There are 2 protein chains.
Amino acid sequence: MVALTESTTTDFAFDFDRPPPGGTMTRGTGRGGGSAAPRSVDVARLAGVSQKTVSRVFNDEPYVSADVRRRVLEAAEQLGYRLNNAARALASGRTRSIGVVTLGTALYGPATLLMGVERVVRDTGYALRVVNTMEGDPAGMAGAVDSLLDQGVDGIVISEPIDEPGGDVSVRVGVPVLVINAPSPVAAPTVLTAGGGVDLMARAATEHLLDLGHATVHHLAGPRRWYAAQDRLEGWRAALASHGREVPPVVGGDWSAASGYAAGHELAADPAVTAVFAANDDMAIGLIRALTEAGRRVPEDVSVVGFDDIPVAGFVTPPLTTVRQPFDAVAQEGLKRLVHAIENPQADPLPASNAPIDLVVRSSTAPPPPRTTPGRARRAATRPGQGAGI
Amino acid sequence: MVALTESTTTDFAFDFDRPPPGGTMTRGTGRGGGSAAPRSVDVARLAGVSQKTVSRVFNDEPYVSADVRRRVLEAAEQLGYRLNNAARALASGRTRSIGVVTLGTALYGPATLLMGVERVVRDTGYALRVVNTMEGDPAGMAGAVDSLLDQGVDGIVISEPIDEPGGDVSVRVGVPVLVINAPSPVAAPTVLTAGGGVDLMARAATEHLLDLGHATVHHLAGPRRWYAAQDRLEGWRAALASHGREVPPVVGGDWSAASGYAAGHELAADPAVTAVFAANDDMAIGLIRALTEAGRRVPEDVSVVGFDDIPVAGFVTPPLTTVRQPFDAVAQEGLKRLVHAIENPQADPLPASNAPIDLVVRSSTAPPPPRTTPGRARRAATRPGQGAGI
DNA sequence: CTGAAAGCGCTAACAG
DNA sequence: CTGTTAGCGCTTTCAG
């Protein structure tokens with residue numbers, strides 16, 4: 001039975017004859033490094049089955065007898081065979097890979113999200129291709145998506161994009177897209193979103209401060225362009241509005257501790273400031289440092305809430321009250337839905353679910369300093385103009 | 001390569017057809033989502049040239065007249081053509097992609113390194129595939145490398161691996177490998193290493209403390225299994241040894257601030273401790289918190305040096321003296337060498353160069369408290385700056 | 001349950 | 001400078 005196979009197509013001038021001396025070694029495929037990598041037909045021959053059967057085994061297709069399957073697997077093992085993904089992609093039109101576009105920063109949020117995505121993707125059996133964008137990068141998002149499309153991914157994840165002018169992707173995207181924590185910047189047949197609820201988390205943070213008795217809460221915002229910043233801003237504003245509080249002017253930062261520090265000096269000068277909600281922990285830490293240097297104690301004089309719950313948040317001085325974002329849950333759910341969309345093009349997308357809010361209260365927040373009795377506060381701020389603290 | 005899509009393109013109106021029902025998809029290609037993606041032969045036809053010429057244009061091969069090139073590009077643009085990477089990889093045996101194996105953590109070092117690698121890889125024209133390992137993951141490194149090989153990468157970057165039992169990759173790796181900050185866990189035709197010098201940085205950190213007048217320096221180490229931890233440990237020990245100082249017992253942590261905090265309580269109990277070199281900033285921060293809670297002031301009573309220079313390091317209380325790792329430089333140089341090895345299999349690998357040492361002195365370090373008259377330590381004036389290195 | 005034939009879209013020699 | 005001829009190693013029909 002083997003003989004037949006032998007005389008068919010491919011074996012013509014077989015294996016080891018090396019084409020011309022181009023300088024490379026071994027069959028064009030760089031893979032083997034030394035001897036040519038085995039192909040499924042080699043496995044088939046060794047196992048005494050057809051090439052197609054090998055294919056079946058490696059694709060977990062049904063209708064292969066246990067015995068044949070075992071033989072094939074053994075032969076493959078013996079030869080050190082591995083599926084050639086390029087050939088597979090070419091023949092099937094699917095690459096079994098998912099691309100992710102992420103901000104080229106080492107910011108905690110995006111970085112953590114990326115790790116989460118990777119972990120989940122792997123479980124789904126897809127490979128991950130990563131492309132970074134940098135803020136202000138002209139080609140930015142469009143270029144990133146484009147290069148992913150060039151690579152031939154089956155789906156795309158866009159993680160925490162920025163709202164940049166011209167940031168919309170005009171490229172024709174033919175695969176499903178998952179956008180995390182933002183509205184979609186692309187038009188594609190299927191666009192899913194995940195995350196969301198950031199505004200509610202921001203609102204919870206703000207309300208925590210309000211509940212403590214602060215008359216109002218100031219906000220140290222992230223860069224205007226970031227949706228992540230916009231969401232927090234909105235949540236903060238909503239909390240204030242729904243409690244009928246005055247909405248103080250927003251102070252802006254760039255996510256860095258240094259910017260929080262700068263903003264802190266500004267805020268420290270205003271005695272009306274007794275509570276600040278910072279859009280991320282780094283800025284909160286910079287802010288606290290500035291406040292401290294200015295002689296305003298945290299939390300006795302000013303309360304500060306951060307956002308993210310970075311690993312050190314609980315160990316800085318004072319331990320930071322913050323909101324933990326459910327990155328893993330978001331990544332997991334989003335990807336599940338993306339994969340579903342990839343594999344079931346006609347089916348309705350799976351619905352999104354809402355993440356829980358995880359406010360971590362530590363020691364950077366406290367009731368506001370007493371207003372009329374300077375007894376306890378060593379360096380009491382000048383008294384605020386008005387308003388009772390609930 | 002591939003110019004592609006700016007704004008002008010094609011309004012062929014025809015893009016997002018729904019994928020056809022059932023299995024009746026016309027040409028197998030999943031790519032376009034519905035209407036078949038144009039192939040190079042289509043472009044050729046439209047441009048009135050041979051398919052091979054289209055290939056030449058898209059590969060920036062020489063010997064194509066400017067006129068023909070222009071016509072091809074125009075035709076391609078009009079059709080919305082993009083090279084099919086799977087076919088290309090299959091035919092050429094190269095995928096033009098590089099795989100990265102990284103620790104599945106959000107630790108600052110690995111995460112930053114990954115970002116750096118991505119940035120550089122993109123400039124080289126290669127695509128990036130990422131796989132995470134998790135500490136303690138049984139399949140760990142071997143599984144990660146294996147899956148990368150399955151995907152068919154042209155080269156592999158292993159970032160800060162751990163020294164795990166059975167962590168060596170026994171798989172046949174046929175492509176060049178770059179190992180960052182560790183000895184190589186794989187056997188491959190070409191193995192490059194990058195990073196290194198971590199021990200020297202640790203040594204500089206320790207010597208800074210010694211120079212300040214401390215009798216000895218304690219070390220809060222990272223997990224034993226991590227090469228990153230081992231290097232710091234060695235540097236510390238070497239510094240002590242070369243100054244003829246006593247080498248105190250090592251206290252161990254797991255990189256987390258929480259572990260630094262725990263270790264801090266231990267260390268605080270020992271009055272002989274006046275200087276500690278922590279293996280990373282997170283642990284240093286936890287350590288400082290514990291020290292402070294125990295009534296030992298930093299830096300008046302105890303000096304602390306961290307490692308990494310995480311973004312908030314300069315803004316915690318007190319601002320942390322630490323060593324900044326040159327992640328970007330390491331990534332850049334390492335990748336340049338890896339790509340060189342990929343593209344010039346026979347040539348000798350490019351030599352590695354040494355990174356400078358960047359000690360950032362802030363306010364967490366000071367001379368030791370006077371030996372006989374406790375209680376009067378004053379804040380030493382320190383200022384940010386770059387220590388000179390070796 | 002298994003096999004044979006026919007490409008997927010591109011690059012690789014080797015002519016012209 | 002440009003075209004021709006062969007496959008790369010799989011997955012897909014479609015037959016047994």
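Worth saying up front: this structure is predicted, and the values here are computed from it rather than measured. Order of the sequence lines sets the chain letters (A, B, ...), proteins ahead of strands, with each chain counted from 1.
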Upstream residue (5' side of DNA chain C) when B/Leu90 and B/Lys52 are each assigned their closest nucleotide: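 First, find each residue's nearest nucleotide; the 5'-ward one identifies B/Leu90.
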In whole angstrom, what separates [X]'s [atom1] from [N]'s [atom2]?
X       : N      : atom1 : atom2 : result
B/Asp60 : C/dT11 : CG    : P     : 12 Å
A/Arg94 : D/dT11 : CZ    : C1'   : 12 Å
B/Arg71 : D/dC1  : CZ    : P     : 15 Å
B/Asn59 : D/dT2  : CG    : P     : 15 Å
A/Glu61 : D/dT11 : CD    : P     : 8 Å
A/Arg88 : C/dG9  : CZ    : C1'   : 18 Å
B/Asp42 : C/dC8  : CG    : C1'   : 13 Å
A/Leu79 : D/dG9  : CG    : P     : 13 Å

Using the salt bridge (charged side-chain N to carboxylate O under 4.0 Å, His left out) criterion, which residues pair with [X]? Sequence neighbours excluded.
X        : value
A/Arg56  : A/Glu61
A/Asp67  : A/Arg70, A/Arg71
B/Glu118 : none

Residue A/Asn84, side-chain atoms from C-beta onward, closest of C/dC10, D/dT11, D/dG9: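 The closest nucleotide is D/dG9.
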Minimum-distance nucleotide to A/Ala91 side chain [options: D/dC10, D/dC8, C/dA4]: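 Nucleotide nearest to A/Ala91's side chain: D/dC10.
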Any side-chain donor near an acceptor of the partner, B/Arg88 and B/Asn59, under 3.5 Å: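 There is such a pair between these side chains.
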Looking at residues at least two apart in the chain, or sitting in another chain, which of them share a side chain to side chain contact (heavy atoms under 4.5 Å, CB included) with [X]?
X        : result
B/Thr95  : B/Ala89, B/Ser97, B/Arg129, B/Asp154
B/Ala44  : B/Val49, B/Gln51, B/Val54
B/Asn344 : B/His340, B/Ala347

So, does [X] get its side chain near the phosphate of [N], meaning an N or O under 4.0 Å from OP1 or OP2?
X       : N      : result
A/Ser55 : D/dT11 : yes
B/Ser50 : D/dG3  : yes
A/Ser40 : D/dG9  : no
A/Arg39 : D/dG9  : yes
A/Asn85 : D/dC10 : no

For DNA chain D, the dot-bracket pattern of Watson-Crick and G-U pairs whose distances stay under 3.5 Å, | for other-strand partners: ||||.|||||||||||
Restricting to nitrogen or oxygen on both sides, can you table the protein-nucleotides 14-16 of chain D pairs closer than 3.5 Å?
none

Residue pairs, two or more places apart or on separate chains, that pass salt bridge (charged side-chain N to carboxylate O under 4.0 Å, His left out) and touch residues 336-351 of chain B: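 Of all non-adjacent pairs touching residues 336-351 of chain B, those that pass salt bridge (charged side-chain N to carboxylate O under 4.0 Å, His left out) are B/Glu333-B/Arg337.
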Sugar-phosphate, base or nothing in reach of A/Tyr81, heavy atoms under 4.0 Å: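 Contact class for A/Tyr81: sugar-phosphate only.
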side-chain hydrogen bond (donor to acceptor under 3.5 Å, both in side chains) partners of B/Arg69, counting only residues at least two apart: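 None.
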B/Gly48 or A/Ala86, whichever maps to the more 5' nucleotide of DNA chain D: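 Looking at DNA chain D, the more 5' nearest nucleotide goes with B/Gly48.
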Heavy-atom donor-acceptor pair, B/Arg82 side chain to A/Asp146 backbone, under 3.5 Å: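 Side chain of B/Arg82 to backbone of A/Asp146: a pair is present.
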Strand contacts (DNA chain C) in residues 62-70 of chain B, 4.0 angstrom heavy-atom criterion: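 Correct list: empty, so none.
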Minimum heavy-atom distance between A/Ala47 and A/Ala75, given as atom pair plus value: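 Nearest heavy atoms, A/Ala47 then A/Ala75: CB-CB, 3.9 Å.
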Exercise: identify the closest heavy-atom pair between B/Leu103 and B/Pro161: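 In terms of heavy atoms, the two residues are closest at CD2-CA, 4.5 Å.
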Residues that A/Tyr126 engages under ring pair (Phe, Tyr, Trp, His ring centres under 6.0 Å), provided they are two or more places apart: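 For A/Tyr126 there are no ring pair (Phe, Tyr, Trp, His ring centres under 6.0 Å) partners, ignoring immediate neighbours.
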